[in-house]
**Student:** 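Input: one structure, supplied below.
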Amino acid sequence: MAAVIDGKKISTELKDELKEKVAKLKEKGVEISLAVVQVGNDPASTVYVGNKKKACAYVGINSLSYELPESTSEEELLSLVQKLNHDPVVNGILVQLPLPNHIDENKIIQAISPAKDVDGFHPQSVGALSIGQKGFVSCTPAGIIELLKRSGITIEGKECVIVGRSNIVGKPMAMLMLRENATVTICHSRTKDLKEVTRRADILIVAIGKTKFITKDYVKEGAVIIDVGMNRDENNKLCGDVHYDDVFPKVSAITPVPGGVGPMTIAMLMNNCVQSVL
Ligand code: GUN
């Protein structure tokens with residue numbers, strides 16, 4: 001019988017711990033502020049940004065809202081980022097992605113001061129993670145490590161297979177699992193015989209954006225399954241990249257969608273904001 005890894009519960013525990021830390025900092029006169037920038041009004045981004053602001057309020061972090069029109073130019077956004085970089089009140093800067101097509105995302109990410117890069121997307125943050133130096137870590141992979149640890153799952157020495165090689169999830173996930181002494185394999189769309197590779201995994205992490213792609217033939221008996229996907233099925237119901245009902249009888253632990261990895265991403269963003277003043 002598989003254990004369901006309850007990301008909602010674990011993220012609330014983490015946010016409650018952070019809330020206490022933030023209150024103690026406040027007593028010492030230290031306030032934390034996160035600038036949240038959204039360009040345009042993509043409905044999914046509006047939901048994510050709203051959830052991030054809600055989490056800030058819960059933990060006691062000030063969120064400073066910048067809602068810019070779709071027509072905002074790259075220069076205007078760059079100058080806002082520069083202003084926030086130099087504003088001593090602002091501890092963290094979050095520019096919600098995706099940005100409109102006429103804005104170069106990489107340029108914007110690189111403009112954010114690494115000291116305020118609470119998303120962990122700046123090349124300096126990514127480089128620091130790769131060579132084991134201090135820096136902000138991308139929130140979703142950091143949240144997955146926290147989920148595994150708080151669920152009592154040993155990482156050291158395990159075969160970890162990651163499906164997906166994005167800059168936000170797959171690549172930093174591999175670096176973090178390596179830091180935790182797992183043996184790491186990254187698979188992607190050009191991997192030959194994907195099933196043969198994923199069936200080796202003690203811990204299988206899937207972030208490919210394909211609805212219910214991973215079925216029971218892809219998993220080893222007793223594996224731990226982490227599903228980063230967030231898709232809609234044929235009935236418009238939220239679901240992951242893993243076929244949950246199909247793999248459930250075969251695995252030892254699994255994250256549900258929703259309520260698995262998603263809430264941890266936001267909790268780790270709050271964690272990074274707290275880290276920014278320590
Ligand atoms: N869009 C989807 N996920 C994220 C995230 O973690 N951070 C930002 N800035 N944008 C996103």
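As the structure lists them, so they are numbered: ligands from 1, and atoms in each ligand from 1.
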**Student:** For L78 and A111, work out which heavy atoms get closest and say how close.
**Tutor:** CD2-CB, 3.6 Å
**Student:** Indicate, as side chain, backbone, both or neither, the part of K52 found under 4.0 angstrom from ligand 1 when only non-hydrogen atoms are considered.
**Tutor:** side chain
**Student:** Polar contacts were defined as any N/O atom of the residue lying under 3.5 Å from an N/O atom of the ligand; does this apply to T265 and ligand 1?
**Tutor:** no
**Student:** Quick check on contacts: which atoms of ligand 1 are under 4.0 angstrom from a heavy atom of V95?
**Tutor:** 8 (C), 9 (N)
**Student:** Could you report the tightest heavy-atom contact between I93 and V81, atom names first, then the distance?
**Tutor:** CD1-O, 4.3 Å
**Student:** Considering only non-hydrogen protein atoms, determine which one is nearest to atom 11 (C) of ligand 1 and report residue, atom name and distance to 0.1 Å.
**Tutor:** Q96 NE2, 3.3 Å
**Student:** Where do T198 and Y218 come nearest, in terms of heavy atoms and distance?
**Tutor:** OG1-O, 2.8 Å
**Student:** Report yes if some N/O of L97 lies less than 3.5 Å from some N/O of ligand 1; otherwise report no.
**Tutor:** yes
**Student:** Which part of L269 is near ligand 1, with near meaning a heavy atom under 4.0 Å away: side chain, backbone, both or neither?
**Tutor:** neither
**Student:** What do we get for D119 next to ligand 1 when only non-hydrogen atoms under 4.0 Å count, side chain, backbone, both or neither?
**Tutor:** side chain
**Student:** Do the charged groups of K21 and E17 touch, with an N to O distance under 4.0 Å?
**Tutor:** no
**Student:** Check whether D241 reaches the backbone of F213 with its side chain - one donor and one acceptor, N or O, closer than 3.5 Å.
**Tutor:** no
**Student:** Measure across A35 and Y66 and return the closest heavy-atom pair with its distance rounded to 0.1 Å.
**Tutor:** CB-CE1, 4.0 Å
**Student:** Which bit of Y48 is near ligand 1, meaning a heavy atom under 4.0 Å away: side chain, backbone, both or neither?
**Tutor:** neither
